[in-house]
Amino acid sequence: SFKRIITKVLSTGKAIDNVMTVEGITVVLMLIALILSLVLAIAFNLLYFREHMPHIAIWSSALYIMGMRVLILIESETISSPGYLTSYSLHFINDVLLILVDIIWIYGIFQFLEYSREKKNQLLYGFFGYLVLLALLYGIGMPESILIVEGATLVLIHPVLISYLFWMFYRNGKEVKDRTMQYFGIAFLIWAIDFILFGIPYFVYKNPITGALGWSVGVLFRLILLCAFIEIRKETLKRERTSPQPTAASR
């Protein structure tokens, strides 16, 4: 699958005759975003198996879904027939996966901060309510309803949720003087600005310039997450070095 995608990008992909076109650069940035998402997901997985922190496993699942979403969009750009990206089904999948990723990240920080089961359930109920409303509006199938859904998701709901993530990470990081959490917060703030500025022009109207700019920000977002992961790993290594080693008697 990856070989097919790369071959299309570098040769005769849909409307991409040269990788140095704006569309070609956009697809290359999407490939980088996909690779970073998968690298981060695997890294978080390995960290969970070593440290057994539930919130790390939760965030790892969010990263896998992020990668799956990018892969779907790459295939629509390079392999699928013309007009596929403007189809209702792809818009629906993109919206659902975006909000699902947000919910999983928030659920993870709720787990990290040891929030009550009731708060976590409220988060899940909100997602299922959004899913039902989204299905109803897409079921209507009118261009106006689709534009309303896309506007609400890309410019309102998604940015609000990831702005909340910024506030949760950055506020708590500042309180405990944790640079790692502040990195997470800054990353999500940048991602929120990305969708506010470029979400509708790219996903609805397929403006190529906003696509390249938006995916550049998406790559930056993932690079900052990678920096945050490196800081987490440094902290765990520091704890391992400073923790007392078991004595022969304790063994």
Side-chain angles (χ1 to χ4, degrees), residues 1-2 29-74 93-94 96-115 117 119-120 123-124 127 158 161-192 194-195 215-243:
S1 181
F2 283 111
L29 289 167
M30 293 166 78
L31 283 167
I32 296 170
L34 171 62
I35 293 166
L36 286 172
S37 297
L38 295 178
V39 167
L40 282 163
I42 293 168
F44 271 72
N45 254 153
L46 295 174
L47 183 62
Y48 168 71
F49 291 136
R50 189 178 183 89
E51 300 294 326
H52 302 290
M53 295 181 287
H55 64 282
I56 294 295
I58 294 169
W59 291 339
S60 175
S61 66
L63 288 160
Y64 279 118
I65 295 171
M66 284 171 60
M68 181 174 67
R69 170 182 164 267
V70 178
L71 179 60
I72 291 169
L73 293 176
I74 290 173
I93 292 169
N94 183 54
V96 170
L97 293 181
L98 267 179
I99 303 304
L100 180 59
V101 165
D102 299 342
I103 296 298
I104 294 174
W105 275 103
I106 295 172
Y107 195 92
I109 200 169
F110 280 7
Q111 177 72 31
F112 175 70
L113 298 173
E114 299 181 344
Y115 277 25
R117 172 61 61 182
K119 276 190 173 290
K120 295 175 185 175
L123 188 67
L124 297 178
F127 172 70
H158 179 55
L161 289 174
I162 52 181
S163 295
Y164 177 69
L165 278 166
F166 156 71
W167 180 75
M168 291 288 287
F169 275 114
Y170 198 82
R171 184 199 67 176
N172 286 283
K174 204 165 186 179
E175 286 179 359
V176 300
K177 296 181 180 179
D178 187 336
R179 187 168 57 180
T180 303
M181 295 190 75
Q182 290 180 306
Y183 280 157
F184 276 118
I186 292 168
F188 283 107
L189 179 62
I190 289 172
W191 206 29
D194 170 20
F195 274 82
W215 283 105
S216 298
V217 178
V219 169
L220 177 61
F221 161 65
R222 289 162 176 82
L223 287 173
I224 298 174
L225 289 184
L226 182 59
C227 291
F229 172 80
I230 292 170
E231 289 297 320
I232 293 175
R233 190 70 189 107
K234 285 180 181 178
E235 291 168 8
T236 58
L237 288 173
K238 186 177 179 181
R239 284 199 302 270
E240 289 171 4
R241 285 196 298 266
T242 56
S243 61

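- Ring geometry for Phe169 versus Phe188: interplanar angle under 30°, hence parallel rather than tilted (30 to 60°).
- Here the closest non-hydrogen pair linking Leu40 and Leu226 is CD2-CA, 3.6 Å.
- Here the straight-line distance linking atom CG of Leu63 with atom CE of Met66 works out to 5.5 Å at 0.5 Å rounding.
- The shortest heavy-atom contact between Leu29 and Val219 is O-CG2, 3.5 Å.
- In terms of heavy atoms, Gly67 sits closest to Leu34 at O-CD1, 3.2 Å.
- Checked by atom type and distance alone, the side chain of Asn172 pairs as donor or acceptor with a backbone atom of Met168 at under 3.5 Å.
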### Evaluation steps, side-chain contact (heavy atoms from CB on, under 4.5 Å), between Tyr64 and Asn45
CA-CA 10 Å; Tyr64 279 118; Asn45 254 153; 2.8 Å; yes

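- In this structure, the side chains of Ile109 and His55 stay at 4.5 Å or more apart for every pair of heavy atoms.
- Scanning both residues, Tyr107 and Leu123, for their nearest heavy atoms gives N-CD2, 3.6 Å.
- Rounding to the nearest 0.5 angstrom, the gap separating the CD1 atom in Ile104 from the CD1 atom in Ile65 is 3.5 Å.
- In the model, Tyr164 has no side-chain atom that pairs as donor or acceptor with a side-chain atom of Asp102 under 3.5 Å.
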### Task
Evaluate the side-chain contact (heavy atoms from CB on, under 4.5 Å) criterion for residues Met68 and Leu97: first the C-alpha distance (whole Å), next the side-chain angles of each, then the deciding distance (0.1 Å), finally the verdict.
CA-CA 9 Å; Met68 181 174 67; Leu97 293 181; 3.9 Å; yes

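- Within a 6.0 Å sphere centred on CD of Glu175, heavy atoms belonging to other residues, nucleotides or ligands number more than 12.
- Looking only at side-chain heavy atoms (C-beta outward), Glu51 and Ile56 stay at 4.5 Å or farther from each other.
- Pairing each heavy atom of Ser163 with each of Ala192, the nearest pair is OG-CB, 3.7 Å.
- By the 4.5 Å heavy-atom criterion applied to side chains, Val70 and Trp215 are counted as neighbours.
- With sequence neighbours left out, the salt bridge (Lys or Arg N to Asp or Glu O under 4.0 Å) criterion links Glu235 to no other residue.
- Side-chain contact between Val96 and Ile93 is absent, with no heavy atoms from C-beta onward closer than 4.5 Å.
- Rounding to the nearest 0.5 Å places OG of Ser216 at 15.0 Å from CZ of Phe221.
- Nearest heavy-atom pair across Ala62 and Val101 is O-CG2, 3.9 Å.
- Atom CG in Leu223 sits 13.0 Å away from atom OH in Tyr183 (nearest 0.5 Å).
- The shortest distance between side-chain heavy atoms of Trp191 and Leu165 does not fall below 4.5 Å.
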### Message
side-chain contact (heavy atoms from CB on, under 4.5 Å) for Leu220 and Asp194? Distances and angles first, verdict last.
### Response
CA-CA 10 Å; Leu220 177 61; Asp194 170 20; over 6 Å; no

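- Here the OG1 atom belonging to Thr180 is positioned 11.0 Å from the CZ atom belonging to Phe229, to the nearest 0.5 angstrom.
- For the pair Lys120 and Tyr115, the cation does not sit on the ring face, since its NZ or CZ is not both under 6.0 Å from the ring centre and inside 45° of the axis.
- In this structure, Ile106 CD1 and Leu124 CG are separated by 11.0 Å, a value rounded to the nearest 0.5 Å.
- Sequence neighbours left out, the pairs with a member in residues 221-232 that pass salt bridge (charged side-chain N to carboxylate O under 4.0 Å, His left out) are Arg179-Glu231, Glu231-Lys234.
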